[in-house]
Amino acid sequence: MLRDVVNNEIGTKQGYLLALTITFLFCFPLMYADVYYVDDVVRSQTGYLGWSKLGRPLSDMVIQVFSFGGKGIDVSPLPLMLSALLMAHAIVVISKGLITTISRSSIVVASVAIATPLYLHNLAYRYDSLSMTLAVLCAVYAWKISLNGGVKNYFIASVMLLASLCLYQPCAIIMASLVIFSSCIRFINGVEILKYISRSVSVFASGFLAYYALIFLSAISATRSDLIFSSESWLELLMRTSGKYISLFGMAYPSLLNYLIALMLAASLLILVVNGFYRARVERKMLSVSTASVVCIASVPVALILSFITMSFLKEGLVMPRMAPSYGFFVMGLISIVYMSGVKYTKEIASASAAVILFSSIVLSFAFGSSLAAQKHEDQFVLSSIINTIQSHPSMVKNETTTFGEANESSVSAVNSRTFPLIGKINARLYDWTASLYLERYGVEKVKFSFNRASNSAIAKQICSQGASPVIANSNYSIYVINNINFVWLGKSCI
């Protein structure tokens, strides 16, 4: 009875309702926390967007829709609400295209790709969440349309991939991940895949070539696009950044679930191997079946590598959860292979595994939302104390003020990070730049800040090494006054 309820097909409307319930639960904690997350602080004060300079011209346009072509305005939580709707739509499209049916279990499996811990980082940005979710949806559609042949579909799929790149470049890899796992499922079902793969690779290449033509042959700039190959130690940089991404994937889920994902990886590879041997013997097409089998088996680890390798090629070397949205699609792909294998009980095992992983992601979202809210309250207390200290000292009011360091992690975040280590990495603590913005917002005059953190660190260490006495020092911050400058150090120590 339960198996029938879970696995039987349901209507598209029911599928959307279930998917929307999942995405709303996933997004709700961020709506409730109501936090200006990092870059949101300066955007809320200036309306400046600036994504075009990062090679994301469509992202500026998405937010300008709300201001009718003007500067960015804060209309939260509307962008996140729209993101939840788009995420639900993407789930239904994946369920139809990859698993070929809409059932309660297929929606849960497809949700693993979208409601993923790393993607919480993308959704936390109140100005940017909608454009990044649109990028995900465009990449999903680029894959879905490429499933069918024809010149028209080829062109539309390439345009959708181009749109994904112009919204948020890391999301374009999602198409490649979906192509890999849909190829594996087609192979299991006895469908020819080599032509499909070659057609998809062609679409992928066309989309990227069109993007680079748009960026480098037009007035659109693309900062942060320098590659590591200009460095003599590029291989070392590549290995180091790749290793950091692997560690990041390891903290996306609790340890027990990482074992479950590893089990899904082993099971999917075993299914592909056994299926390849069986088909080669039964169909007596040793060469074609063996070639397709090898391609599928090799492509599974390639899907994991693609989740981080493009970001590892960048010289800047940023390793952030928001830059790996395709990892959730890798996990979902493994579960989908097991789900679609046709072996007795594997559909139930895959469904249960997906449900556990999805439940973990939703719980993580609530823990992250609580951590953000608690951190906001503690940071506001610290800011109020700093402002009161400066304004209660007549000599300090006239001085320049500059900030260093990072605020202490809230006790709620510290506790939640023990179960979900990812929270400690993406929890938005007050730090030098955001502190300077808030101090200026709340009336402190002559606030100065520089992004030259090497110079800032040297100044801070010099102040500490001189043994200067702070005007005030506590577990949350210290203020030193030297040469008519207020040096505000966030955190427990200035060293």
Side-chain angles (χ1 to χ4, degrees), residues 27 29-54 56 59-60 62-63 71-77 79-80 83 117-133 135 167-170 223-224 248 311 314 316-325 364-365 367-380 382-383 403-410 412-413 416-417 422-442 447 449-453 456 488 490-491:
C27 294
L30 297 177
M31 299 180 198
Y32 184 78
D34 191 29
V35 171
Y36 285 98
Y37 193 83
V38 191
D39 295 349
D40 293 336
V41 179
V42 68
R43 291 193 172 106
S44 67
Q45 292 184 197
T46 65
Y48 177 74
L49 299 176
W51 291 304
S52 292
K53 292 184 177 180
L54 302 177
R56 302 171 54 196
S59 292
D60 283 345
V62 168
I63 298 303
K71 289 187 175 182
I73 61 173
D74 183 7
V75 291
S76 296
L80 194 53
S83 294
L118 298 184
Y119 197 65
L120 278 172
H121 195 206
N122 303 72
L123 295 175
Y125 292 88
R126 60 169 66 197
Y127 285 85
D128 206 5
S129 61
L130 180 58
S131 61
M132 289 190 280
T133 302
L167 285 162
Y168 190 56
Q169 301 93 328
T223 58
R224 298 183 177 176
L248 177 64
M311 295 299 103
L314 296 179
E316 192 174 25
L318 285 176
V319 179
M320 305 292 287
R322 60 181 170 81
M323 301 178 76
L364 168 58
S365 178
F368 179 45
S370 297
S371 299
L372 286 176
Q375 191 69 52
K376 178 179 72 172
H377 293 147
E378 293 197 15
D379 289 348
Q380 287 175 339
V382 171
L383 281 168
T403 53
F404 304 96
E406 184 178 35
N408 298 325
E409 185 178 21
S410 73
V412 173
S413 177
N416 289 350
S417 296
L422 184 65
I423 290 175
K425 189 171 183 65
I426 61 178
N427 183 36
R429 288 191 276 170
L430 188 72
Y431 68 105
D432 50 12
W433 181 46
T434 53
S436 67
L437 292 170
Y438 276 122
L439 290 175
E440 190 173 21
R441 175 186 288 189
Y442 296 145
V447 177
F449 177 75
S450 170
F451 278 105
N452 187 347
R453 291 205 166 86
N456 292 348
V488 179
L490 300 170

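Throughout, residue positions are numbered sequentially from 1 according to the sequence presented.
- When all heavy atoms are compared, the tightest approach of A324 to L118 is O-CD1, 3.8 Å.
- Between the side chains of N427 and S371, no donor N or O sits under 3.5 Å from an acceptor N or O.
- Distance check, rounded to the nearest 0.5 Å: CZ of F368 to CD of Q375 gives 10.5 Å.
- Listed for the E406 side chain is no donor-acceptor partner under 3.5 Å among the backbone atoms of Y431.
- Rounding to the nearest 0.5 Å places CG of D34 at 5.0 Å from NZ of K376.
- A distance of 10.5 Å separates CG of L167 from CE of M132, quoted to the nearest 0.5 Å.
- Remark: F451 engages W433, F449 in a ring-ring contact (aromatic ring centres under 6.0 Å, His included) (not counting sequence neighbours).
- The line from CG of L430 to CD of E378 is 11.5 Å long, rounded to the nearest 0.5 Å.
- Every residue was checked against the side chain to side chain donor-acceptor pair (under 3.5 Å) condition with E440, not counting sequence neighbours, and none meets it.
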> Under the side-chain contact (heavy atoms from CB on, under 4.5 Å) criterion, do I423 and L364 qualify, and how do the steps go?
Replying inline: CA-CA 8 Å; I423 290 175; L364 168 58; 3.6 Å; yes
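- The two atoms that bring L422 and P321 nearest to each other are CD1-CG, 3.9 Å, heavy atoms only.
- Checking L49, D128, I73 one by one against I63, the side-chain contact (heavy atoms from CB on, under 4.5 Å) holds for a single residue, L49.
- A search for side chain to side chain donor-acceptor pair (under 3.5 Å) contacts involving Y119 returns T133, not counting sequence neighbours.
- Side chain of S129 to backbone of N122: no donor-acceptor contact under 3.5 angstrom is found.
- Minimum heavy-atom separation, L490 to D432: CD1-N, 4.1 Å.
- Annotation: the span from L130 atom CG to L123 atom CG amounts to 10.5 Å, rounded to 0.5 Å.
- Applying the side chain to side chain donor-acceptor pair (under 3.5 Å) criterion to D74, with sequence neighbours excluded, gives Y36, S76, R126.
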> What do the steps show when you test I426 against R322 for side-chain contact (heavy atoms from CB on, under 4.5 Å), and what is the final call?
Replying inline: CA-CA 9 Å; I426 61 178; R322 60 181 170 81; over 6 Å; no
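- Taking each heavy atom of S417 and E409 in turn, the nearest pair found is OG-OE2, 3.5 Å.
- The side-chain contact (heavy atoms from CB on, under 4.5 Å) check on K71 picks up nothing, with sequence neighbours excluded.
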> Checking side-chain contact (heavy atoms from CB on, under 4.5 Å) for the pair Y127/S44: CA distance, chi angles, key distance, verdict?
Replying inline: CA-CA 9 Å; Y127 285 85; S44 67; 3.6 Å; yes
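- Smallest separation of non-hydrogen atoms from L383 and A435: CD2-O, 4.2 Å.
- Between the side chain of R429 and the backbone N or O of A407, at least one donor-acceptor pair lies under 3.5 Å.
- Atoms CD and OH, on Q380 and Y442 in that order, are 6.0 Å from each other to the nearest 0.5 Å.
- With sequence neighbours left out, D60 forms a side chain to side chain donor-acceptor pair (under 3.5 Å) with S52.
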